[in-house]
Enquirer: 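The structure follows.
Chain letters run A, B, ... following the sequence lines, proteins first, then strands; residues in each count from 1.
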Amino acid sequence: MSLPNVSSPPNFIRNMILEDLKKNKNDGRVHTRFPPEPNGYLHIGHAKSICINFGLAREFDGLCNLRFDDTNPSKEDVEYVESIKDSVRWLGFDWDDRLYYASDYFDQLYDYAIQLIKKGKAFVCDLSPEEIREFRGTLTEPGRNSPYRDRSVEENLDLFQRMRAGEFKEGSRVLRAKIDMGSGNLNMRDPVIYRILKVSHHRTGDKWCIYPMYDFAHGLSDSLEGITHSICTLEFEDHRPLYDWFLDQLGVFHPQQIEFARLNLTYTVMSKRKLLKLVQEGHVHGWDDPRMPTLVGLRRRGYTPEAIRVFCERIGVAKRDSVVDLALLEHCLREDLNLRAPRVMAVLRPLKVVIENYAEDLVEELEAVNNPEDAAMGTRKVPFSRVLYIERDDFMENPPKKFFRLAPGREVRLRYGYYIKCVDLIKDETSGEPVELRCTYDPATRGGWSPDGRKVKATLHWVSAAHALNAEVRLYDRLFTKPDPSEEKDVDFQSLLNPNSVEVLKRCKIEPSVAAAAPGSRFQFERQGYFCVDPDSSNDILVFNRTVQLRDTWAKIMQAEKK
RNA sequence: UGGGGUGUCGCCAAGCGGUAAGGCACGGGUCUUUGGAACCCGCAUUCGGAGGUUCGAAUCCUCCCACCCCAGCCA
């Protein structure tokens, strides 16, 4: 057998698999699974797990199942199932015909429980939830055996069957594994493996009124599916002895559980609880709000699955807790979009420019390059006329030394257009703000080249007033003001929300070529950033989301100046 | 005071006894009709700390310190 080519960077899980393969463990099979609970939306932390699981399977010519861990019907819903499948597919992965549910195994799992009882390794316990907690002991004190621990196999069998039959009320009895109440690992102190839940299940309906706990169902589901490497997050490390215990007691196929550190990202939160709160309290407009780290949110924001996959590869896989800089995600995004996004000119905060020596009724169609990184993307025509808009920030009446853009008396280039010189400035009488620039153009510089070789220090984007499309543009920024919101102790995380996480600009002007752009289409607005068409767009108005800004050296200079 | 983990550059992260990869960020430069992109250069004499073993230690041993997770009939 030849070992596969190792393409992506090394990590401890891949090294383990490589070792297993060398020893021909599992006959050289690699079979993973991504096991979401259908109780919420997937976020970028899940993307890491998806990329690891599906990625490893792909790399080692193995398989990866999608399995819904639906053992708690009181929290789960089909609503989430479709969304999760969508997100996994959108990310670029495919489970073929291997879509499973833990609930597919309820009969088998029940049978395993019976086997445990028959072996004397499980018992029905009548303690109340509170009593179970008391008997469990604490972190430093051992627990005490349940008074029901020594029931006979016959009695346990009878009771468990009657639990299943619905004879007892919710919370009155549970099935527990008989392990060791003195263990330092709380998970081993006779854990509950079945509880009564008189709730109908989104897939099995009212067939069951007892449901298995995660610890029992998960490993056995892995086993049933022939999973070789069961990859999960760090907090389950303590559960591994229990994972192993069930498998060993039952003598079934034994997958190996491997734990890695979950992803944390700066300026956002990743816990389902907190994300849910943001939605419920209206801090964001929904799970797919472009500020959310959810996959549906990132998608609406304009992120590409390719960028997310590359990101997941670059952050690596390890066991230490970490918080990855949002800048890395943004870098991966820009890297991808730079090569693919068509360029377009859009003025976000318009400043009117009148070219005094340009004919009133003249309109020229100037040729513009669609993507300087990719000649195959061709060119387009952009209308030029006497009245234009430029970006408000591209003009300063009293420019500082390092400002290269337009100022009174100064000449700059309009991209793909002409050199223009500012000859006059009209200001608002009360505010003193510039409202209109009077300029002249040099007809010899058509296309943006000067025949005399004269240089300008800046190139501005612009749009012809008469031809511009109106658009709404939503400028998104980080959701939180602190790099690590959950690090801030004794503070309600909501108080750390960035009040300026979104700014809506309603009077934006965009070149006409984007008129027919469909929702989801991505563009680079030259000199500004990457934007995508939001589904809120209508025939009347285009709505764009700013996906990510371009790197901005000028902004950096300004900031440095301030300090 | 129990059990399980983790500590390598500002942030990630390789490294597995032979003398500290890479990416992001940052700083400097080249080029440029995006102050974008691209390209070049710089950026840990040191690996949580202290001892020890060894010709040689981030890697092995000992002790210490810090941080994370666990007391749901959640996953």
Enquirer: A/Ala307 and A/Asp336: which non-hydrogen atoms are nearest, and at how many Å?
Expert: N-OD2, 3.9 Å
Enquirer: Can you measure A/Phe123 atom CZ to B/C73 atom P for me and round it to whole angstrom units?
Expert: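 Whole-Å distance recorded here is 12 Å.
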Enquirer: Can you see whether A/Tyr41 engages A/Glu79 through a side-chain donor-acceptor pair at a distance of less than 3.5 angstrom?
Expert: yes
Enquirer: So which nucleotide does B/C43 pair with, by the Watson-Crick or G-U wobble rule with both distances under 3.5 Å?
Expert: none
Enquirer: Which nucleotide wins on minimum distance to the side chain of A/Thr140, given the candidates B/G2, B/C74, B/C73?
Expert: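 The answer is B/G2.
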Enquirer: Nearest whole Å is fine: how far is B/C70 P from A/Leu242 CG?
Expert: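 It is 16 Å, rounded to the nearest whole Å.
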Enquirer: With stacking defined as ring centroids separated by under 5.5 Å and planes differing by under 30°, is A/Tyr214 stacked against B/A75?
Expert: no
Enquirer: Tell me: CG of A/Leu550 to C1' of B/A37, nearest whole Å?
Expert: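 The answer, rounded to whole Å, is 9 Å.
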Enquirer: What is the distance, rounded to the nearest whole Å, between atom CZ of A/Phe531 and atom C1' of B/G36?
Expert: 13 Å
Enquirer: Can you find a donor-acceptor pair, distance only, under 3.5 Å between A/Gln524 side chain and B/U34 base?
Expert: yes
Enquirer: Over how many whole Å does the gap from A/Glu237 atom CD to B/G2 atom P extend?
Expert: 19 Å
Enquirer: Over all strands shown, is A/Tyr416 touching base, sugar-phosphate only, or nothing at heavy-atom distances under 4.0 angstrom?
Expert: base
Enquirer: Can you tell me if the side-chain N/O atoms of A/Arg343 get under 4.0 Å from OP1 or OP2 in B/A37?
Expert: no
Enquirer: Given the structure, check if the side chain of A/Asn185 and the base of B/G4 hold any donor-acceptor pair shorter than 3.5 Å.
Expert: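 Side chain to base: no pair below 3.5 Å.
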Enquirer: Does A/Asp374 pair with A/Arg340 as a salt bridge, N-O distance under 4.0 Å?
Expert: no
Enquirer: Using a cut-off of 4.0 Å on non-hydrogen atoms, how would the nucleic acid contact of A/Arg413 be classed: base, sugar-phosphate, or nothing?
Expert: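 Base contact.
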Enquirer: What's the closest nucleotide to the A/Met213 side chain, out of B/G36, B/C73, B/G3?
Expert: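 Minimum distance to the A/Met213 side chain belongs to B/C73.
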Enquirer: Could you tell me how far apart A/Phe236 (CZ) and B/G5 (P) are, to the nearest whole angstrom?
Expert: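 Atom CZ in A/Phe236 sits about 16 Å away from atom P in B/G5.
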Enquirer: B/G52 and B/U59: how far apart are their C1' atoms, nearest whole angstrom?
Expert: 15 Å
Enquirer: B/G36 base to A/Glu373 side chain: any donor-acceptor pair below 3.5 Å?
Expert: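 Between B/G36 and A/Glu373, which were checked side chain against base, a qualifying N/O pair under 3.5 Å is present.
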Enquirer: Between A/Leu139 and A/Ala261, just flag the one whose closest nucleotide in RNA chain B comes earlier from the 5' side.
Expert: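 The 5'-side residue here is A/Leu139.
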Enquirer: For B/C9 versus B/G23, give the span between their C1' atoms, rounded off to a whole number of Å.
Expert: 13 Å
Enquirer: Assign A/Phe403 to base, sugar-phosphate, or nothing according to its heavy-atom contacts below 4.0 angstrom with the strands shown.
Expert: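 If one applies the 4.0 Å heavy-atom cut-off, A/Phe403 turns out to touch a base.
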Enquirer: Which base sits across from B/U19 as a Watson-Crick or G-U pair, both distances under 3.5 Å?
Expert: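 By the stated definition (distances under 3.5 Å), nothing pairs with B/U19.
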Enquirer: Partner of B/U62 by Watson-Crick or G-U wobble geometry, both contacts under 3.5 Å, or none?
Expert: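 Pairing partner: B/A50.
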Enquirer: Given atom CG of A/Asp215 and atom P of B/C69, what is their separation to the nearest angstrom?
Expert: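 Result: 18 Å.
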Enquirer: When you compare B/C61 with B/C24, how far apart are their C1' atoms, in angstrom units rounded to a whole number?
Expert: 37 Å
Enquirer: Are A/Arg144 and A/Phe135 in a cation-pi contact, defined as NZ or CZ under 6.0 Å from the six-membered ring centre and within 45° of the axis?
Expert: yes
Enquirer: Scan A/Ile557 against the nucleic acid and name what it touches under 4.0 Å (heavy atoms): base, sugar-phosphate only, or nothing.
Expert: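 Counting heavy atoms under 4.0 Å across all strands, the contact made by A/Ile557 includes a base.
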Enquirer: When all nucleic acid strands are considered with a 4.0 Å heavy-atom cut-off, which category describes A/Pro372: base, sugar-phosphate, or nothing?
Expert: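 The answer is base, as A/Pro372 lies within the cut-off (heavy atoms under 4.0 Å) of a base atom.
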Enquirer: Is the centre of the A/Tyr418 ring less than 6.0 Å from the centre of the A/Tyr441 ring?
Expert: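 Yes, the ring centres sit under 6.0 Å apart.
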Enquirer: In whole Å, what separates the C1' atom of B/G48 from that of B/C67?
Expert: 10 Å
Enquirer: Please determine, for B/C67, whether a Watson-Crick or G-U wobble partner exists with both distances under 3.5 Å, and give it or none.
Expert: B/G5
Enquirer: For B/G5 and B/U62, measure between their P atoms and round to the nearest Å.
Expert: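 The same atom, P, in both gives a distance of 16 Å.
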Enquirer: Base, sugar-phosphate alone, or nothing: which one does A/Asp321 contact when heavy atoms must sit under 4.0 Å apart?
Expert: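 The residue A/Asp321 makes sugar-phosphate contact but no base contact.
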Enquirer: Scan A/Ser322 against the nucleic acid and name what it touches under 4.0 Å (heavy atoms): base, sugar-phosphate only, or nothing.
Expert: sugar-phosphate
Enquirer: For A/Phe68 and B/C74, give me the distance from atom CZ to atom P, rounded to whole Å.
Expert: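 Between P of B/C74 and CZ of A/Phe68: 21 Å.
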Enquirer: I'd like to check the side chain to side chain contact (heavy atoms under 4.5 Å, CB included) partners of A/Phe12; sequence neighbours left out, ordered by chain and number.
Expert: A/Met16, A/Ile258, A/Phe260, A/Val317, A/Lys319
Enquirer: Is the shortest side-chain N/O distance from A/Arg262 to OP1 or OP2 of B/C69 below 4.0 Å?
Expert: no
Enquirer: Using the closest heavy atom to pick a nucleotide of RNA chain B for each, name whichever of A/Glu170 or A/Glu526 lands nearer the 5' end.
Expert: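 Checking each residue's closest nucleotide, the 5'-ward one belongs to A/Glu526.
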Enquirer: What nucleotide, of B/C70, B/A14, B/G36, holds the atom closest to the side chain of A/Asn11?
Expert: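 Selected nucleotide: B/A14.
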Enquirer: Please say whether more than 12 non-hydrogen atoms of neighbouring residues, nucleotides or ligands are located less than 6.0 Å from NZ in A/Lys274.
Expert: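 Yes.
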Enquirer: Of all the nucleotides listed (B/C12, B/C73, B/G5), which has the minimum atom distance to the side chain of A/Arg240?
Expert: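 Nearest to the side chain of A/Arg240 among the choices is B/G5.
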Enquirer: Can you tell me how far C1' in B/U1 sits from the matching atom in B/C70, rounded to whole Å?
Expert: 16 Å
Enquirer: Please tell me if A/Ser183 has a side-chain N or O lying less than 4.0 Å from either OP1 or OP2 of B/G2.
Expert: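 No, because none of the side-chain N or O atoms of A/Ser183 sits under 4.0 Å from OP1 or OP2 of B/G2.
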Enquirer: Nearest to the side chain of A/Arg527, which nucleotide is it out of B/G5, B/A71, B/G35?
Expert: B/G35
Enquirer: How would you list, by chain and number, every residue that makes a side chain to side chain contact (heavy atoms under 4.5 Å, CB included) with A/Lys402, sequence neighbours excluded?
Expert: A/Trp554, A/Ile557, A/Glu561
Enquirer: Starting the side chain at C-beta, find the nucleotide from B/A37, B/C16, B/A75 nearest to A/Asn15.
Expert: B/C16
Enquirer: Between B/G2 and B/A20, how many Å separate the two C1' atoms, rounded to a whole number?
Expert: 38 Å
Enquirer: Around A/Arg164, counting heavy atoms of other residues, nucleotides and ligands shown, do more than 12 lie under 6.0 Å from its CZ?
Expert: yes
Enquirer: Regarding A/Arg415, tell me which of base, sugar-phosphate or nothing describes its non-hydrogen contacts under 4.0 Å with the strands shown.
Expert: base
Enquirer: Of the nucleotides B/C24, B/G4, B/C12, which one has an atom closest to the side chain of A/Val324?
Expert: B/C12
Enquirer: What integer number of Å spans the C1' atoms of B/G18 and B/A57?
Expert: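 Those two atoms are separated by 10 Å.
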Enquirer: Among the candidates B/A25, B/A14, B/A37, find the nucleotide nearest to the side-chain atoms of A/Arg551.
Expert: B/A37
Enquirer: Does A/Arg320 get its side chain close enough to the base of B/G5, under 3.5 Å, for a donor-acceptor pair?
Expert: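 No pair found.
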